[in-house]
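Working notes for the structure below.
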Amino acid sequence: MLDITLPDGSKREVEQGTSPFDVAESISKSLAKRSILARVNGELWDVKRPFEGDSTLELLDIKSPEALDLVRHDAAHVLAQAVQELFPDTQVTIGPVIDDGFFYDFARKEGFSTDDFAAIEKKMNEIIDADLPINREVWAKDDAIAHFKKIGEKYKAQIIDDIIPPGEDITLYSHADQWSDLCRGPHLPSTGKLPKAFKLMKLAGAYWRGDSNNEMLQRIYGTAWANEKDLKAHLMRLEEAEKRDHRKLGNALDLFHLQDAAQGQVFWHPKGWTLYRVLMDYMRRVQDRYGYREIKTPQLMDRSFWEKSGHWGKYRENMFISSIDQEDKVLAVKPMNCPCHVQVFNHGQKSYRDLPLRLAEFGSCHRYEPSGALHGLMRVRAFTQDDAHIFCTEDQITDEVKRFCDMLREVYAALGFDDVTVKFSDRPETRVGSDEVWDKAENSLRVAAEASGLEVVYNPGDGAFYGPKLDFVVKDAIGREWQTGTIQADFNLPERLDAEYVGEDGAKHRPAMLHRAIFGSFERFLGILIENVAGAFPMWLAPVQVVIATIMQDADDYALEAAAELRKAGLRVEVDLRNEKINYKVREHSHQKVPIIAVVGRQEMDDRTLALRRFGDAKGRPEVVELAACCEKLRAEAAPPDLRET
RNA sequence: GCCGCAGUAGCUCAGUGGUAGAGCGCGUCAUUGGUAAUGACGAGGUCGGGAGUUCAAUUCUCCCUUGCGGCACCA
């Protein structure tokens with residue numbers, strides 16, 4: 001007999017071979033029906049799997065958070081069965097749970113098409129309707145391998161062979177006697193328990209085991225939820241995210257465009273470029289304040305230079321190369337600014353008194369990114385970094401990193417990103433530099449990260465070969481995370497490019513070098529920013545801050561005069577004198593997400609006022625302000641965060 | 001780069017083996033209207049590029065190109 005302890009502390013004696021389901025049934029039929037998963041001695045457990053000794057037992061229903069993973073996992077299995085029934089020449093591989101759903105990777109000569117989804121979903125529903133019992137079976141490793149080989153599932157056989165230690169048993173889960181798959185479990189007691197709240201979403205290629213040297217499998221993505229309401233809510237969220245897509249907004253708000261002839265490069269339109277400039281001006285002021293010296297370095301450098309820096313050897317494939325007919329020279333377009341910055345450092349003799357030297361550049365870089373990697377502004381081939389390199393002594397690293405963290409927090413807060421975490425990555429296996437130097441640098445970065453007040457996540461072994469690093473991750477308005485800023489120590493480049501300074505002792509020393517960026521690239525950061533605010537920029541960033549819209553033509557002169565006054569106050573103003581109704585104009589500029597629409601009609605003209613309507617505040621009555629006061633008020637509202645008076 | 005899907009007017013999209021259509025936008029005219037679409041008329045397309053099949057291709061086939069969704073990559 002076994003002792004089973006329930007969550008309320010009560011105990012039951014049951015016979016060997018009893019399962020959580022049996023216990024549930026002995027309590028009530030409805031409980032047994034509801035229970036789709038158990039927790040036995042703290043471990044998730046199939047409800048039909050017999051206890052293996054005295055146990056604590058908790059029964060879980062579909063509403064429990066653990067159940068959602070189960071649902072998604074079972075959805076993946078039902079998908080796999082459906083696919084194999086419809087397409088018998090298909091082999092299964094793996095099918096894990098992911099955020100919001102699941103996927104399953106299949107191997108099949110002919111491709112699937114999204115047109116097949118309807119049939120597959122139909123078949124999945126049939127499998128659910130058939131309510132096939134899901135059984136757990138324990139197999140010996142070698143038997144399982146032989147079994148999968150025999151039925152032609154070579155991927156499954158390979159997985160077992162690779163990941164299961166010799167002698168260890170494995171578990172298979174079968175849907176009645178129709179279908180079975182290698183799986184750790186647990187699973188639902190039967191296919192009928194799977195809620196019909198799933199949807200197949202995407203079809204994609206995926207390399208076997210994530211290695212591009214391997215064959216490509218076909219991955220089917222699906223989403224699955226505990227009920228239809230949650231599914232609908234999820235689909236709604238996807239639609240909302242789509243509306244924020246910076247590529248759509250970039251077009252709708254006339255910020256930029258991309259075109260075939262310049263793959264991966266951006267054509268910034270007046271409004272988008274205004275945004276870019278405002279951001280750059282802001283960063284320039286902040287940089288100046290934090291003690292950076294701005295520089296500008298060449299776009300093209302001779303091949304031999306890149307050979308010396310080591311980039312030619314390591315990144316040649318991703319570099320754009322240029323040559324000229326008259327000369328037998330190969331130049332490379334710079335993929336990064338650091339080697340150029342070392343040249344500025346190296347020019348003339350540097351003393352320890354010059355350190356730390358912070359060289360900043362809005363450096364325009366080009367990288368040949370694989371075509372499949374390009375994505376709107378987020379991944380481009382030509383971009384501008386808010387790049388800087390700090391040359392300092394090893395002892396100065398901690399202070400410099402702290403200073404950088406302060407600056408980064410200030411900038412992110414100004415742009416509306418308050419949720420920031422920092423990832424600390426230390427020495428990888430293959431690296432340059434002595435362990436003593438790594439110790440010192442890692443320690444400096446760690447201390448600075450911990451002092452920053454940001455949440456620190458540790459990433460052991462994930463540093464660059466040339467030094468440890470901190471990466472900064474911001475969370476946006478709809479909860480997505482973006483890696484943006486970074487600061488990295490580098491022991492390699494100063495060595496390769498012979499950077500040195502004269503120390504207090506009169507001898508020559510290698511400086512430490514820190515690479516750092518806050519935005520990363522303007523292009524990408526603007527993409528993130530556009531999506532974060534969904535195109536509705538705060539006043540200081542808005543490409544057009546005020547539109548003056550007239551109601552009738554008699555007000556034209558006054559509208560132009562008011563615009564001139566507002567522009568004198570430094571505001572970005574447009575005037576809409578078109579022969580259209582005010583409703584039409586308000587609608588259009590609201591769609592353009594202009595922060596302030598100033599309406600001008602007979603009344604305002606006579607009183608020399610403006611009637612202000614703010615974006616997102618449609619219900620409130622217009623605020624009527626005298627023109628001179630309005631200039632002052634809006635000037636204050638439009639001030640960048642670092643120039644605000646309060 | 002790899003797998004799948006797509007490219008039709010400035011934008012969003014419909015459509016067909018017999019050389020194209022809507023809405024919005026744009027232009028002209030009328031209307032001078034008080035906070036999310038005034039009306040009428042008009043212009044606008046080598047149906048991504050090339051080749052093939054066909055009497056005939058925007059439509060079918062192949063190649064290229066670009067984009068989209070993933071995978072791989074991201075100094």
Side-chain angles (χ1 to χ4, degrees), chain A residues 98 103 105-106 108 110-116 201-221 242 245 247-248 251-252 254 257-264 306 309-311 313-319 334-339 365 367-376 378-381 383 385 464-467 469 483 486 488 490 492-493 515 520-521 524 549-556 577-592 597-604 611-615 617-622:
Chain A
I98 53 172
F103 67 74
D105 284 350
F106 299 100
R108 178 171 181 247
E110 301 81 60
F112 296 112
S113 147
T114 43
D115 295 342
D116 299 324
M201 305 293 285
K202 290 181 286 203
L203 185 62
Y207 297 107
W208 167 235
R209 303 196 142 177
D211 185 336
S212 57
N213 295 314
N214 290 342
E215 62 270 37
M216 183 155 275
L217 306 171
Q218 298 189 69
R219 176 171 296 178
I220 295 178
Y221 283 94
E242 218 170 291
D245 190 310
R247 292 163 301 184
K248 284 205 165 150
N251 194 27
D254 197 17
H257 84 268
L258 302 160
Q259 69 181 53
D260 299 4
Q263 218 190 342
W306 298 107
S309 74
H311 292 91
K314 215 166 161 57
Y315 303 112
R316 167 69 188 85
E317 283 185 358
N318 297 307
M319 289 165 72
K334 70 176 171 187
M336 53 192 343
N337 308 297
C338 26
C365 298
R367 295 180 186 172
Y368 183 79
E369 301 286 358
S371 59
L374 299 176
H375 182 91
M378 301 297 192
R379 191 89 178 262
V380 287
R381 286 181 177 165
F383 53 93
Q385 297 177 316
F465 74 92
Y466 50 76
K469 61 174 180 173
Q483 187 167 313
T486 186
Q488 316 186 350
D490 189 342
N492 181 50
L493 210 57
H515 306 256
S521 92
R524 182 173 133 90
T550 51
I551 291 173
M552 29 63 120
Q553 273 177 330
D554 288 350
D556 285 2
L577 302 181
R578 287 176 304 171
N579 178 12
E580 295 291 350
K581 291 192 171 176
I582 193 63
N583 287 337
Y584 180 89
K585 295 185 184 182
V586 165
R587 180 183 151 88
E588 191 170 290
H589 300 302
S590 296
H591 279 311
Q592 287 293 308
I597 300 172
V599 173
V600 166
R602 166 77 52 199
Q603 193 74 47
E604 290 74 19
L612 306 182
R613 177 194 168 105
R614 283 161 199 280
F615 180 77
D617 185 24
K619 292 211 181 74
R621 287 179 172 267

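All chains are named by letter (A, B, ...) in the order of the sequence lines, taking the proteins before the strands, and each is independently numbered beginning at 1.
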Any N/O pairs under 3.5 Å between the protein and nucleotides 66-68 of chain B? List them or say none.
| from | atom 1 | to | atom 2 | distance (Å) |
| --- | --- | --- | --- | --- |
| B:U66 | OP1 | A:Gln263 | OE1 | 2.9 |
| B:U66 | O2' | A:Asp260 | OD1 | 2.7 |
| B:G67 | OP2 | A:Gln263 | NE2 | 2.9 |
| B:C68 | OP1 | A:Arg247 | NH1 | 3.1 |

Secondary structure of RNA chain B in dot-bracket form (Watson-Crick or G-U wobble, distances below 3.5 Å, | marking inter-strand pairs): (((((((..((((....[..)))).(((((.......))))).....(((((..]....))))))))))))....
Before accepting this row, confirm whether a basic side-chain N of the pair [X]/[Y] lies closer than 4.0 Å to the acidic partner's carboxylate O.
X	Y	result
A:Arg578	A:Glu580	no
A:Asp211	A:Arg209	no
A:Arg367	A:Glu317	no

Which nucleotide in [options] has an atom nearest any side-chain atom of [X]:
X	options	result
A:Asn318	B:G69, B:A72, B:A75	B:A75
A:Gln488	B:C71, B:A75, B:U32	B:A75
A:Ala611	B:G70, B:G4, B:U35	B:U35
A:Lys202	B:A75, B:U12, B:G70	B:G70

Partner set under salt bridge (charged side-chain N to carboxylate O under 4.0 Å, His left out) for A:Asp556, not counting sequence neighbours: none
Residues which pass salt bridge (charged side-chain N to carboxylate O under 4.0 Å, His left out) with A:Arg379, listed by chain and number, not counting sequence neighbours: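 Expected list: A:Glu369.
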Ring-face cation of A:Lys202 near A:Phe103 (centre distance under 6.0 Å, axis angle within 45°):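 Checked: cation-pi criterion not met.
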Distance under 6.0 Å and angle within 45° of ring axis: A:Arg524 vs A:Phe383: no
Separation of atom CZ in A:Arg379 from atom C1' in B:A75, rounded to whole Å: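 Atom CZ in A:Arg379 sits about 11 Å away from atom C1' in B:A75.
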Anything under 3.5 Å between a protein N or O and an N or O of nucleotides 36-40 of chain B, put it in a table, one pair a line.
| from | atom 1 | to | atom 2 | distance (Å) |
| --- | --- | --- | --- | --- |
| B:A36 | O4' | A:Arg587 | N | 3.4 |
| B:A36 | N7 | A:Arg613 | NH2 | 3.0 |
| B:A37 | N7 | A:Arg587 | NE | 3.4 |
| B:A37 | N7 | A:Arg587 | NH1 | 3.1 |
| B:A37 | N7 | A:Arg587 | NH2 | 3.0 |
| B:A37 | N6 | A:Arg587 | NH2 | 2.6 |
| B:A37 | N1 | A:Arg587 | NH2 | 3.4 |

Sugar-phosphate only, base, or nothing, as touched by A:Ala206 at under 4.0 Å among non-hydrogen atoms: sugar-phosphate
When the [atom1] atoms of [N] and [M] are considered, how many whole Å apart are they?
N	M	atom1	value
B:C63	B:C2	P	13 Å
B:C41	B:U16	P	29 Å
B:C5	B:C64	P	15 Å
B:C3	B:A9	P	29 Å
B:G49	B:C73	P	36 Å
B:G25	B:G42	C1'	14 Å

N/O donor-acceptor pair, side chain A:Tyr207 with base B:G1, under 3.5 angstrom: yes
Side-chain H-bond candidate by donor/acceptor type, A:Gln218 with A:Asp105, under 3.5 Å: no
Test item: side-chain donor near acceptor, A:Lys334 and A:Asn337, under 3.5 Å: yes
A:Val599 to A:Glu604 - nearest heavy-atom pair and separation: O-CG, 3.5 Å
Of residues 209-219 of chain A, the positions that come close to RNA chain B - non-hydrogen atoms, cut-off under 4.0 Å: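 RNA chain B contact set from residues 209-219 of chain A: A:Gly210, A:Ser212, A:Met216, A:Arg219.
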side-chain N/O A:Tyr221 vs B:C71 OP1/OP2, d < 4.0 Å: yes
